[in-house]
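Let me begin by presenting the structure, written as structure tokens, before commenting on it.
None of these values were measured; they are calculated from a predicted model.
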Amino acid sequence: MGEKNLTRRTFVVGGAALVAGIGVGAVAKPCAAQANVLRPPGAVSEADFMALCIKCSRCISACPTDVLKPLGMEDGVLQARTPTLSYLAGSCMFCDECRIVCPTGAVGAVDPFAPETGRIGGAILHEDRCLAFLQSGSCGVCVDACPYEALSFDEGRKPVVDQEKCNGCGECVRVCPANVLTSFSGGEVRGIEVVTDKTLSEMGGQR
């Protein structure tokens, strides 16, 4: 009698665990698809990336400019420890090291001069922080620094981003002096920022 009860209980517990596992999987994929973070250059779609990434941190360790960082728990349990990019101290050189060391194929090849094949994201300007907007003609560091000629000046000598050339390398963010020369609440956001294509789409393309 005891053995039968134990068997029945094991079956019930096992079944519940299976259902719970299926439930987590069903929730995880939509959540992954909705995640909105900058991934390494050449990363597959967000849903596929979350399915493939094993959070091994090899890409983070291999990054020569130290721009790849692990997401924290505050970014969500599913995304925690997956790689994202931060340009506060460096930019992406498209060196291909992250693809080379990735053991699962979550990161593929990308041509930095052909952003349409898989860029990191696109740069947007914050007019309330960009020095060139706050005082016309006072700055143009990002335009001079862009290695892909994705930034230029308009008639009023304000920076303009060409999204067809921008690949999200982050060099413009790295060199932006806004946080050095001006005090802002909020801290780390500079006069220019690289955002995901999802964000760009939601913003209507931006300048």
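Using a 4.5 Å heavy-atom cutoff, the side chains of N36 and T199 are in contact. Within the 4.5 Å cutoff, no side-chain heavy atoms of R129 are placed close to those of R190. Considering only heavy atoms from C-beta on, C98 comes within 4.5 Å of P41 through its side chain. In this structure the side chain of Q163 reaches within 4.5 angstrom of the side chain of L200, judged on heavy atoms. When side chains are defined from C-beta on, P83 counts as touching P40, because their heavy atoms get closer than 4.5 Å. V175 is not listed as a side-chain neighbour of Y87, based on a closest heavy-atom distance of 4.5 Å or more. Residues I192 and I124 have side chains not in contact (no heavy-atom distance under 4.5 Å, counting atoms from C-beta outward).
Here the side chain of T84 pairs a donor or acceptor atom with the backbone of L38 at under 3.5 angstrom. Of the possible polar contacts, one joining the T104 side chain to the L52 backbone as a donor-acceptor pair under 3.5 Å is found. For the pair D75 (side chain) and G72 (backbone), a donor-acceptor distance under 3.5 Å is present. Between the N167 side chain and the P115 main chain, no donor and acceptor come within less than 3.5 Å of each other. Remark: the backbone N or O of D66 is paired with a side-chain donor or acceptor of K69 at under 3.5 angstrom. Judged by distance alone, with hydrogens and angles left aside, the side-chain atoms of E193 form no donor-acceptor pair with the main-chain N or O of G122 at under 3.5 Å.
One distance of note links SG of C139 with CZ of R157; it measures 8.5 Å at 0.5 Å rounding. How far CE of M203 is from OG of S201: 11.0 Å, rounded to the nearest 0.5 Å. One finds the CD atom of E171 at 11.5 Å from the SG atom of C176 (value rounded to the nearest 0.5 Å). Summarising the geometry, atom NZ belonging to K158 is positioned 9.5 Å from atom OG belonging to S138; distances are rounded to the nearest 0.5 Å.
Residue L151 forms a side chain to side chain contact (heavy atoms under 4.5 Å, CB included) with just one option from V141, V160, D162, V143, and that option is V143.
Residue E149 qualifies as open at atom CD: its count of foreign heavy atoms under 6.0 Å is 12 or below. Within a 6.0 Å radius of CD in E74, more than 12 heavy atoms belonging to other residues, nucleotides or ligands are found.
Scanning both residues, G108 and R99, for their nearest heavy atoms gives C-CD, 3.4 Å. Of all heavy-atom pairs between V67 and S91, the closest is CG1-N, 3.4 Å. Scanning both residues, F94 and C169, for their nearest heavy atoms gives CE1-CB, 3.7 Å. Looking at every heavy atom in both residues, V110 comes nearest to G118 through CG2-O, 2.7 Å. For the pair L125 and P159, the tightest heavy-atom approach, listed with the atom from each and the gap, is CD1-O, 3.0 Å. Of all heavy-atom pairs between F49 and A43, the closest is CD1-CB, 3.9 Å.
Remark: the R39 side chain and the T82 side chain contain an N/O donor-acceptor pair separated by less than 3.5 Å.
Cluster annotation: I120 is connected to Y148 through the hydrophobic network of ILVMFWY side chains, with a link wherever side-chain heavy atoms come within less than 4.5 Å. A continuous path of ILVMFWY side-chain contacts below 4.5 Å connects V44 to V107, so both sit in one hydrophobic cluster.
The side chain to side chain contact (heavy atoms under 4.5 Å, CB included) test applied to D111 returns F113, A114, T117, not counting sequence neighbours.
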What donor-acceptor contacts under 3.5 angstrom involve side-chain atoms of residues 54-64, with partners at least two apart or in another chain?
| residue | atom | partner | partner atom | Å |
| --- | --- | --- | --- | --- |
| K55 | NZ | L78 | O | 3.0 |
| K55 | NZ | A80 | O | 3.0 |
| S61 | OG | S57 | O | 3.2 |

For this session: Kindly determine whether L68 and L85 satisfy side chain to side chain contact (heavy atoms under 4.5 Å, CB included), including the steps that lead there.
Result: CA-CA 5 Å; L68 281 175; L85 287 99; 3.7 Å; yes

Problem set entry | side chain to side chain contact (heavy atoms under 4.5 Å, CB included) evaluation trace for R119 with D197 | CA-CA 9 Å; R119 66 180 184 171; D197 283 332; 2.7 Å; yes

